[in-house]
Protein chains: 2
Amino acid sequence: MKTLRLTSSDRAILLNSRFFSRLPRTAAEAILEGAHVSTHEEHDTLFRQDDPIDDVLVVLSGLVRLYRLGKDGREADIAVFQKGEVIGVNTMFLDRRATANAQAAEPSIIARLESRKLHQLAAEDTGVAQALLELLCHHGKLTEDCLAEDRLLTAPQRVANYILSHCPIGSESFSFRLPFQKNVLAGKLGLAPEALSRAFSTLRQSGVVVKGRVIEIRDRQALEQF
Amino acid sequence: MKTLRLTSSDRAILLNSRFFSRLPRTAAEAILEGAHVSTHEEHDTLFRQDDPIDDVLVVLSGLVRLYRLGKDGREADIAVFQKGEVIGVNTMFLDRRATANAQAAEPSIIARLESRKLHQLAAEDTGVAQALLELLCHHGKLTEDCLAEDRLLTAPQRVANYILSHCPIGSESFSFRLPFQKNVLAGKLGLAPEALSRAFSTLRQSGVVVKGRVIEIRDRQALEQF
DNA sequence: GTCGTGAATTGACCCGCATCAAACAACTTT
DNA sequence: AAAGTTGTTTGATGCGGGTCAATTCACGAC
């Protein structure tokens with residue numbers, strides 16, 4: 001891993017991200033001031049549970065998995081972050097210690113923002129605070145969704161849900177490419193890879209065709225009522 | 001359900017709550033201005049998923065269960081709120097629609113704060129925003145904890161965890177009274193009531209004695225390593 | 001105290017998914 | 001083309017916990 005300054009394309013990615021685009025421009029600039037960039041290989045650990053955290057991370061490219069460890073060493077994914085998503089805001093307002101482990105799930109480029117500075121800006125500028133509030137609410141909702149899905153849905157239902165969430169409204173049949181390995185998807189859905197595979201083959205009878213990373217949906221209705 | 005103004009003891013409960021105590025005093029006063037109170041019987045519904053929400057709720061007494069419904073009518077608890085806890089902040093910064101159902105799990109008294117006003121105060125006063133940020137981070141962490149527990153721990157382990165979280169540090173044996181029905185605890189832990197019961201009887205061999213709502217712990221060590 | 005009602009427990013059974021092992025497939029490497 | 005390497009699928013098996021039914025228990029009303 002090496003640390004660099006931001007390139008102009010890095011800046012562009014950041015400024016277009018969901019979070020930055022809600023930030024007052026001056027604040028966005030101020031935060032970018034102290035930003036650095038690091039590159040990581042697959043399986044690199046970005047931080048570990050209970051580590052003291054001084055930076056907020058933003059994924060510029062690649063994929064980051066956030067997970068907790070059980071006593072027996074098993075891993076439970078809490079969240080998966082893609083390009084433009086922000087990691088570690090929670091930490092900033094708690095005790096500054098990570099509540100989970102973060103690991104690159106593919107080769108990744110990560111922007112690191114000083115959380116002290118961001119925290120301070122939030123204390124000075126309600127626009128910044130507002131953006132953070134929206135970000136946290138959004139994260140919170142995703143986690144809640146996840147929890148509810150775990151408790152209410154079977155494996156094929158979760159997968160059907162995931163597929164539908166990638167389906168443009170109105171279209172009856174369509175196809176898309178998984179944004180990451182099935183491995184990672186399984187973790188995100190709280191499944192073992194084998195269970196994901198079996199779920200896909202169950203869904204075949206509802207018009208889901210899987211070819212490598214490409215998912216094709218032939219009958220949206222059937223999926224919805226699964 | 002009937003709606004009233006705040007009594008002075010209501011005010012006291014609010015001002016001592018985790019959230020209000022972090023609020024600038026003037027802001028706290030301002031919010032209390034427009035506050036109302038409602039009383040509810042057990043099983044009363046406070047709001048339903050997708051309902052438009054105009055108030056943030058604070059539990060003055062009793063207990064509120066937040067849950068989602070599955071297609072088949074099964075319920076999955078997202079969170080349980082006790083005295084002094086705040087419900088519906090997420091909603092305020094999203095699309096103002098409830099992401100879950102809320103129901104009184106026992107006879108309850110609820111304070112209702114105008115979320116418009118709170119939102120506005122947050123936009124004017126970074127102190128208010130700060131308090132909200134901390135609140136959201138805290139909620140977020142609890143939900144994450146829940147998700148991780150669901151995925152990593154068996155029923156007896158979750159129960160052991162719950163018990164330990166109520167154990168004052170340092171004491172080797174102690175006892176406490178469950179703050180709500182086992183029913184509710186089961187839901188909170190993502191278990192059927194029967195599973196909770198079985199978990200308790202599994203833990204008996206580790207020195208846990210259950211008498212009605214009172215839990216007695218004889219051997220903390222044994223619990224921790226479960 | 002007795003009674004009655006809802007909560008909690010226990011037993012029997014079954015389903016979903018984790019786990020382990022092995023076969024396959026898609027890519028690299030040589 | 002052959003041999004790894006890594007990701008994915010398939011099969012066999014076992015455990016955890018959900019569900020249904022039947023008691024038993026706890027607690028408030030009387």
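Each chain gets a letter, A, B and so on, in the order its sequence line appears, and its residues count up from 1.
- Place A:Arg198 and B:Arg213 on DNA chain C by their nearest nucleotides, and B:Arg213 ends up nearer the 5' end.
- In this structure the side chain of A:Leu196 reaches within 4.5 angstrom of the side chain of A:Phe200, judged on heavy atoms.
- Whole-Å rounding puts the B:Leu185 CG to C:dA7 P distance at 15 Å.
- With no hydrogens or angles considered, no side-chain donor-acceptor pair links A:Ser38 and A:His36 at under 3.5 Å.
- Across the protein-nucleic acid pair, A:Lys182 atom NZ and C:dA25 atom C1' stand 11 Å apart, rounded to whole Å.
- A:Leu191 comes within contact range of the sugar-phosphate backbone alone, with a heavy-atom separation under 4.0 Å but no base atom that close.
- Ion pairing between A:Asp54 and A:Arg112 fails under the 4.0 Å rule for side-chain N and carboxylate O.
- Under the salt bridge (charged side-chain N to carboxylate O under 4.0 Å, His left out) criterion, no residue pair touches residues 96-108 of chain A, with sequence neighbours excluded.
- Among the protein residues, B:Gln181 comes within range of the sugar-phosphate backbone only, with heavy atoms under 4.0 Å from sugar or phosphate atoms but none that close to a base.
- The nucleotide range of DNA chain D contacted by chain B, defined by atoms under 4.0 angstrom from heavy atoms of the protein and reported 5' to 3', is D:dG17 to D:dC20.
- Whole-Å rounding puts the B:Leu152 CG to C:dC17 C1' distance at 15 Å.
- By the salt bridge (charged side-chain N to carboxylate O under 4.0 Å, His left out) test, A:Glu134 is found to be paired with A:Arg22, residues two or more places apart in sequence or in another chain being considered.
- A donor-acceptor contact shorter than 3.5 Å links the side chain of A:Arg74 to the backbone of B:Arg151.
- Taking atom CD of A:Glu149 as the reference point, atom P of C:dC17 lies 13 Å away to the nearest angstrom.
- Distance B:Leu203 CG to C:dA8 P: 17 Å, rounded to the nearest Å.
- In this structure, the NE2 atom of B:His43 is 11 Å from the P atom of C:dG6, given to the nearest Å.
- Contact annotation for A:Arg74: backbone-only contact, meaning every heavy-atom pair under 4.0 Å involves sugar-phosphate atoms and none involves a base.
- Here the two rings, on A:His138 and A:Phe19, have centers that are 6.0 Å apart or farther.
- We find that CD of B:Glu194 is positioned 11 Å from P of C:dA8, with the value rounded to whole Å.
- Place A:Arg158 and B:Ala195 on DNA chain C by their nearest nucleotides, and B:Ala195 ends up nearer the 5' end.
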